Each structure stands twice: as structure tokens, then as C-alpha cells.
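One structure is given here, and the rest of the page talks about it.
Lettering of chains follows the sequences in order, A, B, ..., and the numbering in each one begins at 1. All of these numbers come straight from a predicted model, not from anything done at the bench.
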Number of protein chains: 2
Amino acid sequence: MVAEIDPAVLMGDRALLGRSSTADRVAGILRTRISEGHLLPGTRLSEDAIGQALGVSRNTLREAFRLLTHERLLSHELNRGVFVRTLTVQDVVDIYQVRRLIECAAVRSLTVAPYDLSQAEAAVAEGEKATSDGAWADLGTANIHFHHAVVALAGSARLNELMQGVLAELRLVFHAMDNPRVFHEPYLPRNREILSALKAANIIKAELLLTSYLDDAEQQLVARYSERIGTERRP
Amino acid sequence: MVAEIDPAVLMGDRALLGRSSTADRVAGILRTRISEGHLLPGTRLSEDAIGQALGVSRNTLREAFRLLTHERLLSHELNRGVFVRTLTVQDVVDIYQVRRLIECAAVRSLTVAPYDLSQAEAAVAEGEKATSDGAWADLGTANIHFHHAVVALAGSARLNELMQGVLAELRLVFHAMDNPRVFHEPYLPRNREILSALKAANIIKAELLLTSYLDDAEQQLVARYSERIGTERRP
DNA sequence: CAGTAGAGGATCGTTGAACAATCCGACAAG
DNA sequence: CTTGTCGGATTGTTCAACGATCCTCTACTG
């Protein structure tokens, strides 16, 4: 009898194999364009124009739109087309409500000692590198990575996905901040502080730090965002 | 000047008005068919057959499939088609991990006294009516409604939507229970107990009850579901 | 002059057909 | 029993077309 192959070995390769589909690739392109701020909120995405630009059919493009609409990056208005989503202040408040509940719950769920903080550690390092490079947009990304890593501690695929979506939405709001440095930089040391508390297995402290972090960010963002929206009424 | 109409009055009608789109309606039909158990997990949904049966084009049907795939009710395998999702035991575990975190977090977030328990109250009543009618499938639905109401206490649209999806997935698992009565009935009084604790503003007790509820349900479901899957290997 | 009605153009929603790519099952060969 | 191959069936993708809907601009009426 020949030695059999452990099926688990091949599991990782499955993703490489299965991922194709033009619609997915188109969605990926648009997703990065949006999250990097090249397509600003409110922009209308014409099926004809984009389909022609990317060289895909309208049907395929519509499937890509559908994908991004469910990720809340696009909003779809019947017979009017799709637009890059414009978040309301209420959306921002809801996003932070979700973050408060889920991130804190993820931290509080850490009872067994050996939990893996390497992702969170890496995200903080990423943020410190971005700071020393003066790449403030990357700093925002690193902060997002850190909080994603915090949620990942709960070990739930569904929660990870939700958080990924929520944080992608949050990026749309970040683009309304005209000075990313003054907004993002103060939060980097706070992330490291949270990480330290987690390392020390001081769950209570970590949760308190996290809560105040989110409260402050929300307050700052809402204040800045609401006045920003007020000035943008006239295109 | 003609008397003006209060805009709020028309808000309710908007949903009726705005909802069109053949794809959405098709998705709705399939969604209820699946959640009510007429389409069992593993069933393959042929584009040709269903498109012809519902009288819609293949393209439109594919948009509907895309919708339901993102709701995790269908699984889409490239070049093979879409199937009614078959959850793994790992999925069930993840679903209960999500429920534990979110439902408990929602309860714990109740600090201000006047929170609205009418939805939860109604769900328990719905369950008691289903029990007295002997409608055990409705009892399962009522239990789901109760826990949805618990999450709704957090007041977050995004959390509500997540929970709706997770509970819809859970319905797929429930259909694998051959005796819905013995599975669902014991949980009804526990829901009422949780409701009572909430009414008395005893948050800590409510959270403890909720945790043990979810632990028990998960354990029972995993045990029953894993052996069920084992027997279904041969079609 | 203001306000409304209507025509026109642009875009979307949906359909049907077509072709290539891929998968599945059966059958034959080793 | 396993492996290779073939043909049918289904999906992935594109294209063209038509009706429906919305937006804008014009012209008419008071």
C-alpha cells in the first residue's frame, strides 16, 4: 500500500485553485480603488463607462456591483445606478457601536491563556513603520489592521468578515479627514498600550482602554464628519 | 396653499414602492423556500430548471443566486452551479460563538433603564402560542425571533443584519433535527426566564442565563448534527 | 415672471441567444 | 481495479435588443 496524502495539506491550495471569476476580479479592482480613495463617495458608477473601461460586459459588471453593494461600499438605487456609498453621521455612530460591542466582546472572550497576539503585534509594528516613513495613509490602514486583529482573537470567521466590512466602510469616512496625520497619529501609542495590556493578560485594562479609544475616535470623527458633510451639499 | 403632507406618513409606503427588481423577488421566493425547508441542504439549483420554472431569464436568476450566496444560504461552486448550503459542524460552532459574543454583548450594553422589551415579549408570546397549537416549526421560528429581539436591544442596524443572517443559517441546521418538539420546547421557558431577568433590569442574571442557554443548545445541536451528517454520506 | 407639463435623451432592467470553458458520467483499455 | 478518453450537459461570459424609468431642458400657461 502506497503512503496516502494527508488531505489537510491540500486544503490551503484550494483557495488558489477556486478563485477566478471575472466578476470577482472586477470587484477587487473597484474595491481597492474605492478604499484607496480614488473613487470618492457619491461618485456615480456608470455601467457603460466602467464596463467599457475595464473591457467587461455589462452583465459581468453588474455582478461585481452586486458584490460590492453587499459589502456596503456601493449603494444601489433602482433605475438610477450604483454610487460609491456616502455614509451618514448615523452610519458612523452605528459603526462605532458595532466596534465597541464586538471588539470589547472579543477581548473579554480571552480566557484561555495562550492566545495568539502576533497579528496585533505586527499591525502595531506596521503603524510605527508608517509613522517613521511619514506615510499617514498607511498609518490609518495599520490602525485598522490592529483592530481587525483584535476581533480575530475571538476566532470566528463570521465576526472577522463582519469586521472587515465595517472597517472598509470606515475607510470611506477616513477619506473625509483632510489631515490624516493629526487624526491617526495619536491612536498609535494607544494601540500599543492595548497590546501591552493584552500581553500582560490584563483583560479588564485592555477592555477599558479599548472603550475609551473607541469613544474618543467616534466623538472626533462625528464632529469632523458632520461639519464636512454640511459643506459638501453643493457639488 | 394646499395642506402639506407629513413626509413621515409616506415613509412606510416607500418600502412597498421601492421594492421591485425581478432578481430581488426571485431571491425572496427562494429564500423562503429554503428557510421553510422545502429546499433541503445539498440540493443543486439548476439555472435552466429554476429559470424556466419561475419564468425568468438566466441572467436575472444568476443575480438572485448571487444575493443568496452572500447571505450564505447558497454555496456557489465554480463551473458546477449553486447548491443549498450544507453547514459543517464547524459552521455550527462558529454560529454559536457569534451568538454568545453578540447576544451577551447586546444584553450587557443595556445601561440606560428604559429599553424596549416589547419585541422580545412578543416573541415569547408567539412561542407560547405555537406550543399550545402544537406548531413545533413555528416554535423554532419564535425562538429565533426572541434572540433576534435580544440583539435588537443594542440598537445597531449592522448587528441586526448580521444576526438575521446567522439565524437564517441556523434554520438550515434546525431542518436536520427530526424531532423539532423535543429540541425546541425546553428552550421556551428559558427564554421567558431571560425576559423576566431583563424586565427586572437584572443584567447579570440575564447574561448568565443566556450563556448557559447557548452553551446547552450548541452542545445538543453539535452532537445531533454531527451524527446526522455522518449518516448522510451515502445518498 | 413663476410654475407646471411634456418631450427627448440617457441609463437601467431584463431577456434571449450564442460560444467557449468546464465538469460529469460512461465506456474502453491496461 | 485503476487509468485514459470521449461526448453530453451545464456553467461562465459576452453581445444585442427592447421596454421602463429617470433626469433635464424646453415651452407653454396663468
Side-chain angles (χ1 to χ4, degrees), chain A residues 1-5 10 13-30 39 42-70 74-86 233-235, chain B residues 1-5 10 13-30 39 42-70 74-86 233-235:
Chain A
M1 183 77 71
V2 179
E4 294 192 2
I5 298 180
L10 298 176
D13 303 343
R14 260 195 100 108
L16 280 162
L17 200 44
R19 178 182 31 221
S20 270
S21 169
T22 318
D24 285 342
R25 256 171 296 145
V26 171
I29 293 174
L30 294 176
L39 292 170
T43 309
R44 171 149 168 279
L45 270 49
S46 156
E47 296 186 352
D48 232 359
I50 297 191
Q52 219 156 348
L54 293 178
V56 298
S57 140
R58 265 181 68 208
N59 281 322
T60 303
L61 190 59
R62 284 165 68 84
E63 291 209 351
F65 283 168
R66 217 30 106 165
L67 274 163
L68 296 173
T69 300
H70 271 340
L74 299 181
S75 73
H76 180 11
E77 304 181 17
L78 195 69
N79 285 315
R80 292 199 358 109
V82 298
F83 302 79
V84 178
R85 180 107 180 283
T86 303
R233 272 292 143 79
R234 299 258 155 268
Chain B
M1 185 70 79
V2 179
E4 294 192 359
I5 298 179
L10 298 177
D13 304 342
R14 253 195 104 104
L16 283 162
L17 197 44
R19 185 195 21 231
S20 266
S21 174
T22 317
D24 286 342
R25 256 171 296 145
V26 171
I29 292 173
L30 295 176
L39 292 170
T43 308
R44 173 152 166 276
L45 270 50
S46 157
E47 296 186 352
D48 227 4
I50 296 191
Q52 218 156 350
L54 293 179
V56 298
S57 147
R58 256 183 75 206
N59 282 324
T60 303
L61 189 60
R62 284 166 69 83
E63 290 212 354
F65 283 168
R66 195 64 86 154
L67 274 164
L68 296 173
T69 299
H70 274 340
L74 299 181
S75 73
H76 181 350
E77 304 181 19
L78 197 68
N79 284 316
R80 292 200 356 110
V82 297
F83 302 78
V84 179
R85 181 110 178 279
T86 302
R233 269 294 144 79
R234 299 259 157 267

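With rounding to whole Å, B:E63 atom CD is found 8 Å from C:dG13 atom P. Atom pair B:L78:CG and C:dT22:P shows a separation of 9 Å (rounding to whole Å applied). For the pair A:R66 CZ and D:dT13 P, the computed distance is 17 Å after rounding to whole Å. Going from atom CG of B:D24 over to atom P of C:dG13 covers 10 Å, rounded to whole Å. Rounded to an integer number of Å, the gap from B:H76 NE2 to D:dT10 C1' is 12 Å. If you take CD1 of A:I50 and P of C:dA10, they are 19 Å apart, rounded to a whole angstrom. Between the CD atom of A:E47 and the P atom of D:dT13 there is a distance of 17 Å, given to the nearest Å. Taking atom CZ of residue A:R80 and atom C1' of nucleotide D:dT24, one finds them 13 Å apart after rounding to whole Å.
The residue among B:N79 and A:R62 whose nearest nucleotide of DNA chain C lies closer to the 5′ end is A:R62.
With hydrogens and angles ignored, the 3.5 Å screen pairs a side-chain donor or acceptor of A:T86 with a backbone N or O of A:G42.
Dashed line: the shortest gap from a side-chain N or O of B:R44 to OP1 or OP2 of C:dC24 is not under 4.0 Å.
The CZ atom of A:R44 sits 8.0 Å away from the CZ atom of A:R80 when rounded to the nearest 0.5 Å. In this structure, CD1 on B:I50 lies 10.5 Å from CD1 on B:I29, to the nearest 0.5 angstrom. Within the model, atoms CD of B:E47 and CG of B:N59 stand 9.0 Å from one another, a figure rounded to the nearest 0.5 Å.
Taking 4.5 Å as the limit, every side-chain heavy atom of B:L68 sits out of range of all side-chain heavy atoms of B:R85. Between B:F83 and B:E77, some side-chain heavy-atom pair lies under the 4.5 Å cut-off.
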Nucleotide N/O of nucleotides 14-18 of chain D paired with protein N/O under 3.5 Å:
from   : atom 1 : to    : atom 2 : distance (Å)
D:dT14 : OP2    : A:T60 : OG1    : 2.1
D:dC15 : N4     : A:N59 : ND2    : 2.6
D:dA17 : N6     : A:R58 : NH1    : 3.3

